[in-house]
Protein chains: 2
Amino acid sequence: MSASEPVAERPRRPDNPTKGDRREQAILDAAEALLEERGLDPVTVEQIAAGAGISRASLYFYFGSKQEVVTALVARTMGVTRDDADTLAAEVDVPPQTTIERSIRRIEKQWLDHGVVMRAAVDNAPSNPEVREIWRGTVDLYVDLLGDVLVRAGVPDDGGPTGARALAKGLAWMGERNFYIASAISKAEVRRVAETVLAIWFSTIEDRVG
Amino acid sequence: MSASEPVAERPRRPDNPTKGDRREQAILDAAEALLEERGLDPVTVEQIAAGAGISRASLYFYFGSKQEVVTALVARTMGVTRDDADTLAAEVDVPPQTTIERSIRRIEKQWLDHGVVMRAAVDNAPSNPEVREIWRGTVDLYVDLLGDVLVRAGVPDDGGPTGARALAKGLAWMGERNFYIASAISKAEVRRVAETVLAIWFSTIEDRVG
DNA sequence: TGCAAAATCGACGTCGTGTTGACAATGGAT
DNA sequence: ATCCATTGTCAACACGACGTCGATTTTGCA
């Protein structure tokens with residue numbers, strides 16, 4: 001913000017690259033790498049620690065549990081998705097269909113780039129309340145965003161189960177599930193499914209606006 | 001195959017209500033009950049065994065692992081859903097919309113009656129290949145059934161990502177995900193979501209048939 | 001009644017998690 | 001330069017849950 005206080009105001013800030021902070025990132029990187037080759041369940045704390053170049057006991061200095069590691073990893077990845085949603089929400093002067101298409105494209109890209117972590121998030125949500133909150137919160141961002149867009153497009157909303165908001169919720173979770181399944185198959189399948197998802201969004205609008 | 005060997009050919013058939021077979025069912029019942037109050041993860045083999053009135057070691061006489069218990073439980077519940085799909089598939093002389101509505105209603109009922117097991121199935125699918133197969137196989141039954149219905153309703157299918165089959169797949173998984181979330185909230189929410197899901201199915205058809 | 005198959009269980013080995021307490025490195029103030 | 005609190009590291013331990021083994025009892029049928 002201001003250039004009058006140039007350096008070293010707070011010694012223990014996340015932007016202050018402490019030795020330990022680097023280790024923390026190394027742990028998350030190791031976890032993500034392990035996630036890539038094995039699944040999530042088979043990955044052990046021992047392996048993550050080894051991947052980060054420390055002992056298992058040392059890992060517990062940084063994270064209180066295996067769950068916390070996963071939570072931090074998911075949070076790191078979902079930060080991007082949340083920023084995307086904010087960016088999209090700021091675009092008010094474009095036609096509704098454009099916002100929807102851009103949203104789906106962003107989500108598609110996220111699944112293409114970070115499929116492993118995204119799938120781990122979905123898989124862990126049932127047993128990890130923190131991850132569940134992060135995940136649902138992020139989906140909700142898009143539910144709200146696209147709910148508004150649907151209303152703007154002319155889809156009526158009486159607050160009931162066939163109103164714009166309810167439809168947006170149903171359609172958003174349709175995307176989530178279909179991308180999840182596709183991302184476990186191949187990147188080509190993710191791209192294919194993006195078209196299907198988009199088609200259903202558009203059909204729903206078309207039919208409800210007329 | 002042949003009727004020349006009338007009775008008692010195999011003394012260990014599932015329709016032969018052996019003492020042990022009853023225990024097997026008792027174990028599944030106990031597992032289902034435990035699933036109801038606690039989650040799936042926190043349930044221990046010890047508790048399931050206790051619920052069935054046997055020791056932990058004895059349970060391993062019937063099932064090779066905790067996973068196998070869950071698998072058997074899921075299989076038992078999904079049997080009904082599969083039968084439903086067969087029944088629906090046999091109804092060829094009714095209008096497409098009717099088949100779709102009836103399908104959604106059957107699925108809705110299944111989530112209302114067996115939400116706990118259904119959710120356990122979804123939660124375990126990632127880490128349990130057998131459950132995953134059962135689950136996906138059942139969903140596929142409806143994908144095929146409703147894909148045919150879509151074609152019959154006049155939705156074109158070029159085999160691509162916006163063809164009738166692809167749409168049916170996307171819409172079927174939309175239902176799965178939305179029912180899953182709703183069933184963790186309340187029965188009322190399940191009923192509400194059924195309306196939303198139905199609305200999206202109908203909108204997709206309407207827009208694509210015209 | 002006899003007896004093989006079915007069923008039961010105590011005790012054990014293993015694996016992965018998380019904790020403890022003692023020890024080493026780090027880096028800023030003096 | 002050195003002191004010392006903070007930060008970081010780890011071996012060893014305790015615990016809980018899973019799955020196995022061998023010995024023992026129960027069952028049902030000839």
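So that the names make sense, note that chain A is the first sequence line, chain B the second, and so on, each numbered from 1. Excluded from the calculations below are hydrogen atoms, water molecules and symmetry mates; all remaining heavy atoms, backbone and side chain alike, are included.
Residue pairs that meet the salt bridge (charged side-chain N to carboxylate O under 4.0 Å, His left out) test with at least one member in residues 121-141 of chain A, sequence neighbours left out, do not exist here. For residues 65-76 of chain B, the pairs satisfying side chain to side chain donor-acceptor pair (under 3.5 Å) are B:Gln25-B:Arg76, B:Asp29-B:Arg76, B:Glu32-B:Arg76, B:Thr71-B:Asn128, with sequence neighbours left out.
Only at 4.0 angstrom or more do the heavy atoms of residues 27-48 of chain A sit from any atom of DNA chain D, so none qualifies. Within residues 50-58 of chain A, the residues having any heavy atom closer than 4.0 Å to DNA chain D are, in order of number, A:Ile54, A:Ser55, A:Ala57, A:Ser58.
Across the protein-nucleic acid pair, A:Phe61 atom CZ and D:dT9 atom C1' stand 9 Å apart, rounded to whole Å. Between the CD atom of A:Gln67 and the P atom of C:dG16 there is a distance of 18 Å, given to the nearest Å. Atom CZ in B:Arg23 sits about 9 Å away from atom C1' in C:dT8, given to the nearest Å. Put simply, CZ on B:Arg22 is 16 Å from C1' on D:dG28, counting in whole angstrom units.
Contacts of B:Thr77 classified as side-chain hydrogen bond (donor to acceptor under 3.5 Å, both in side chains), with partners at least two apart in sequence or in another chain: none. By the salt bridge (Lys or Arg N to Asp or Glu O under 4.0 Å) test, B:Asp144 pairs with no residue at all, sequence neighbours left out. Qualifying salt bridge (Lys or Arg N to Asp or Glu O under 4.0 Å) partners for A:Lys187, counting only residues two or more places apart in sequence or in other chains: none. Under the rule for a side-chain hydrogen bond (donor to acceptor under 3.5 Å, both in side chains), the partners of A:Glu91 that lie at least two apart in sequence or sit in another chain are A:Arg102. Taking B:Ala72 as the reference, B:Leu28, B:Phe63 meet the side-chain contact (heavy atoms from CB on, under 4.5 Å) condition, with sequence neighbours excluded.
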Atom pairs and distances, donor-acceptor, side-chain atoms in residues 157-176 of chain A, under 3.5 Å, two or more places apart:
residue, atom, partner, partner atom, Å
A:Asp157, OD1, A:Gly159, N, 2.9
A:Asp157, OD1, A:Ala164, N, 3.4
A:Asp157, OD2, A:Arg165, NE, 3.3
A:Asp158, OD1, A:Gly160, N, 2.8
A:Arg165, NH1, A:Asp148, OD1, 2.5
A:Arg165, NH2, A:Asp148, OD1, 3.4
A:Glu176, OE1, B:Arg177, NE, 3.0
A:Glu176, OE2, A:Trp135, NE1, 2.8
A:Glu176, OE2, B:Arg177, NH2, 3.3

Show which side-chain atoms of residues 35-53 of chain A pair as donor or acceptor with protein atoms under 3.5 Å away, not counting sequence neighbours.
residue, atom, partner, partner atom, Å
A:Thr44, OG1, A:Glu46, N, 3.3
A:Gln47, OE1, A:Thr44, N, 3.0

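Among the nucleotides D:dG19, D:dG8, C:dA6, the one closest to any side-chain atom of B:Lys66 is D:dG19. The side chain of B:Tyr60 lies closest to D:dT20 when the candidates are C:dA7, D:dG8, D:dT20.
Look at A:Glu101 and A:Arg105 and you find a salt bridge, because one of the NZ, NE, NH1 or NH2 atoms lies within 4.0 Å of a carboxylate O, short of that distance. Here A:Arg82 does not pair with A:Asp86 in a salt bridge; the nearest charged N to carboxylate O distance is not below 4.0 Å.
Here B:Tyr62 reaches the OP1 or OP2 of C:dT8: one of its side-chain N or O atoms lies under 4.0 Å away.
Each end of the helix from C:dT1-D:dA30 to C:dT30-D:dA1 gets its own axis from five base pairs, and the two axes differ in direction by 0°, given to 10 degrees.
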